Protein chains: 2
Amino acid sequence: MSAGARPTLRDVATQAGVSPAIASRVLNADPTVRVREETRERIQGVAKDMGYVPHSVARSLRGARTGAIGLVMHGLDSPINVDVLAGAQAACARAGYVTLLADAEQLAGDHSQLSAFLARGRLDGVILHSGYGEEDRLLEAITSSVPAVLVNSEDGRPVPTVRVDDAAAARLATEHLIELGHREIAYIAGPEGSQTSDRREAGYRDTLARHDLGGAVDVVHAGWSAGAGTTAVHELLRRPTLPTGLVVANAVAASGVLSAFRDAGLAVPGQVSVITIHDSWFLQHLSVALTAVRLPLQVLGATAADLLIDTIEGRSPVRDVAITEPAPELVLRRSTGPTSRR
Amino acid sequence: MSAGARPTLRDVATQAGVSPAIASRVLNADPTVRVREETRERIQGVAKDMGYVPHSVARSLRGARTGAIGLVMHGLDSPINVDVLAGAQAACARAGYVTLLADAEQLAGDHSQLSAFLARGRLDGVILHSGYGEEDRLLEAITSSVPAVLVNSEDGRPVPTVRVDDAAAARLATEHLIELGHREIAYIAGPEGSQTSDRREAGYRDTLARHDLGGAVDVVHAGWSAGAGTTAVHELLRRPTLPTGLVVANAVAASGVLSAFRDAGLAVPGQVSVITIHDSWFLQHLSVALTAVRLPLQVLGATAADLLIDTIEGRSPVRDVAITEPAPELVLRRSTGPTSRR
DNA sequence: TTGTATGCGTTATCAT
DNA sequence: ATGATAACGCATACAA
C-alpha cells in the first residue's frame, strides 16, 4: 500500500486475516451474517486503523444504486430559486444522497454537458426545476434515463410533480388589497407561458370574481426579473389612470416595481399599494418594506427530494403533490395601505 | 436487451460484429487505433441506433478519473456566495466536469454526510468556500482524500488558494469617501476572525493612513447578515457623534445598515454616506440605491475551478492566485455624497 | 486491422 | 462461522 493510496476492502481483510467477503458483510452490518464477536471487532478495528473508506464507484458498479441525485435548476440569480435548491439539497443530504448540480439553460444548450450529466450510472434520479422554455427539451432526455420529479410545473405530466399553492397565495394577496378598500387591482404577471404565473393569475381572477370585481381584471405581462417589474410600471404609467393596488407575481420583479415608483415620484402605499408573492430577506430592505405572501420554498424543494427518493427506493405511488402545509402566509410590511381613491 | 435497460459496450460490439475492445477504442476516438473507415462507421452507427451511453461508473472504476468536482459552499442564503457558486459550477461544466454541491456547515456537522461526499472514487477534487468556522475541520478531511482549492482564504495554506483583491476594493471604497470630503469614516466589519473582512479592514486602514487620517480609524465588528448591519448601526447611534461615512464589508450587511438609518430617520447620504463591497442586483432597489465596489465573484469561482482542474489534469504548479482582472470597480449610486459636516 | 484476457473494488451466491 | 468465486461495464496490454 503506497503512501497516498487508500486501503481497499481486500487490504483490510488481509490485515485482519479474513476473506473480503466476511469483511464486507461485517462492515456493512449485514444482519444475516453470524460471526464471532471477536472477529467482528478485529475487522472493525483494522478498518478504522487503516482508515478504510468504501469505494463508492465500485459499490455502484456492483449494485445498481449510486447514492446521487441530480438537481437541474434554473435562475440561480434569484434568491427565490436558490431557496428551492437549498431545500432540495438539504433533504437529499439528510437521506444520505449526494447532489449533482446543473444549470437548466446550460444543460439544454450544450449536448455534451447533458450527456456527461446523464451518463449511465451517474444518478439515481433527477429533480427538475427549470424555466418553462427548457423544460420540454430536458424532460425527455432525463426521464429516458432516470426517474425524475418536476418542480412547479403543470400536473398531468408523465412524471410526478410538486408545487406550492400558487392560486391560494394569489388569493390571499388579492383579498388583502380588497380588504384595504382597493377595487382597481392589477396583476403583474411573470413571463407569458409560465404555468406558475398562470396559476397565480387564476387565483387573482377568482378573488376578483368572488367580490364582483370580475370586470376589473387587469393583467400586465412582465417577467421574473427586477427589470421586468420596472418595465411593467412604465407601461402602467402611460395609462390615463393607475390601478390603486398591484399584485406582483414575484418578489424580484416587485423590487423593480417599487424602484420604478420611487423614481417616478409615486408614493407607496400612498398612491399605490404593492403586494408580492414569495418572501425573502431582502424585502424589508427595499425602498419601501414590501408586504408579501410567504410560500414554503425550502419545503417545496425538500418535498420534491423526498418524493423522488421514495420513488427511487421503491415506495409510494404518489404522483402529484400540492404543498398546503405550511399554508401561504401574509407578511405585513409597509407597501400596502388603504386606498385613497375610490 | 430488456425494455428499460440501456445497451452496454458489449451489446454494441456484438451488434456491429466486432470485439468490445475495438468498439471501445473507436467510440473513444483512440488515435492509436487504425480501423477500416467502414468498420468505424458501422460501430458508430450501431452505437447511435442503440442509444449507447457509456457507463460512467464502470469508466471511473477502470480509470482513475470520475469527471466530478465537489463544491463545498457556505451561506447560500447570500447572493454574494451564490455568485461564486455559479461561477465555479459553470467553469466546471465547460471543462466537462459535473459538480457535486454540499453545504459546508452541514458537512462539518454531520459525519455521515461528509463520508458520503468524500467516499472514495466519487470526486476528482473539491473547491472549498466555507465560513471561517468550518474551514479547518473540513480542510483536513478533504485534502486527505482529494486535491482541493480554497476560495477566499488566507494564503500560506497547504492547498492552493484563490481570492479577490479585498484590500484594493476597500481602498477604492475608502478613497471615494475621502474624495467626497469625509474625514470620519468607520469600517463596519464582518464577523471577528474572518480573513476576508480582515483584508478589507487592512485596505481601509491603509487608505486612512495614507491620507494622514490614521487616528480616525474606527472599526465596528458586525457580520455578514443584514441583521448584523442593523445591530452595528444601533451601536453607532448610542455614541455622542456619528461618523460621516461608512465602509461596509458586505452588501447584505449594508442592506441592514441602510434600513436601520431609515428607521432611525437619518438621511443617507445627507447625514451619513454608505458604501459597500460587492455588487448585486438588489443594491439599486434598497431604501437608498447603494454605491458599491464591484468585485468579480463569478470570475473568482471560475478561477478556482480552473486552478483545480489544472491540478487534477496534472498541469500548472500555481499555488495562490489573487484575482486582479477585472479590477475592483466603483459603481456609483445614491448612498454617498459630500459630507455636510467638517 | 482486430480480438482476448485481465483487473478496477465490491457484494451476492454458493459452498465448506 | 467463514471462504472462494463470479459479475457489474469498461479500457488497456498484449496477442494474432
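Note on naming: letters A, B, ... go to the chains in the order of the sequence lines (proteins, then strands), and numbering restarts at 1 for each one. Values in this document were obtained by computation on a predicted structure and should not be read as measured data.
Comparing A/Gly17 and A/Gly63 against DNA chain D, the residue whose closest nucleotide sits nearer the 5' end is A/Gly17. Two residues, B/Arg42 and A/His55, neighbour DNA chain C, and the one matched to the more 5' nucleotide by heavy-atom proximity is B/Arg42. Taking for each of B/Ala21 and A/Asp30 the nucleotide of DNA chain C with the nearest heavy atom, the 5'-most of the two is the partner of B/Ala21.
The phosphate of D/dT12 (OP1 or OP2) has no side-chain N or O of B/Ser24 nearer than 4.0 angstrom.
Within the model, atoms CZ of A/Arg6 and NE2 of A/His55 stand 11.5 Å from one another, a figure rounded to the nearest 0.5 Å. Here A/Leu101 contributes atom CG and B/Leu100 contributes atom CG; the two are 10.0 Å apart, rounded to the nearest 0.5 Å.
Within the nucleic acid shown, B/Val57 has no heavy atom closer than 4.0 Å to any nucleic acid atom. Backbone-only contact: B/Asn28 has heavy atoms under 4.0 Å from sugar-phosphate atoms and none from a base. Within the nucleic acid shown, B/Leu9 comes within 4.0 Å of sugar-phosphate atoms alone, with no base atom in reach, counting heavy atoms only. Residue contacts for A/Arg25: at a heavy-atom cut-off of 4.0 Å it reaches a base atom on one of the strands shown. No engagement by A/Ser60 is indicated, since no non-hydrogen atom pair under 4.0 Å with the nucleic acid exists.
For the pairing with A/Pro296, the side chain to side chain contact (heavy atoms under 4.5 Å, CB included) check across A/Ile323, A/Thr303, A/Asp83 returns one residue only, A/Ile323.
Between the C1' atom of D/dT12 and the CZ atom of B/Arg59 lies a distance of 14 Å, rounded to the nearest Å. Nucleotide C/dG7 holds its P atom 18 Å from the CZ atom of A/Arg62, rounded to whole Å. Whole-Å rounding puts the A/Leu61 CG to C/dT11 P distance at 12 Å. C/dT2 atom C1' lies 9 Å from atom CZ of B/Arg36, rounded to whole Å. For the pair B/Leu27 CG and D/dG9 C1', the computed distance is 13 Å after rounding to whole Å. Distance, B/Tyr52 OH to D/dG9 C1': 8 Å, rounded to whole Å. Rounded to a whole Å, the CZ atom of B/Arg40 is 10 Å from the P atom of C/dT2. Distance B/Arg6 CZ to D/dC8 C1': 18 Å, rounded to the nearest Å.
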### Task
Starting from the C-alpha separation in whole Å, work towards a yes-or-no answer on salt bridge (charged side-chain N to carboxylate O under 4.0 Å, His left out) for A/Asp306 and A/Arg315.
CA-CA 11 Å; A/Asp306 292 340; A/Arg315 292 186 292 272; over 6 Å; no
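Nearest to the side-chain atoms of B/Arg34 among the listed nucleotides C/dT1, C/dT10, D/dG3 stands C/dT1.
Within the 4.5 Å cutoff, no side-chain heavy atoms of B/Asn152 are placed close to those of B/Gln195.
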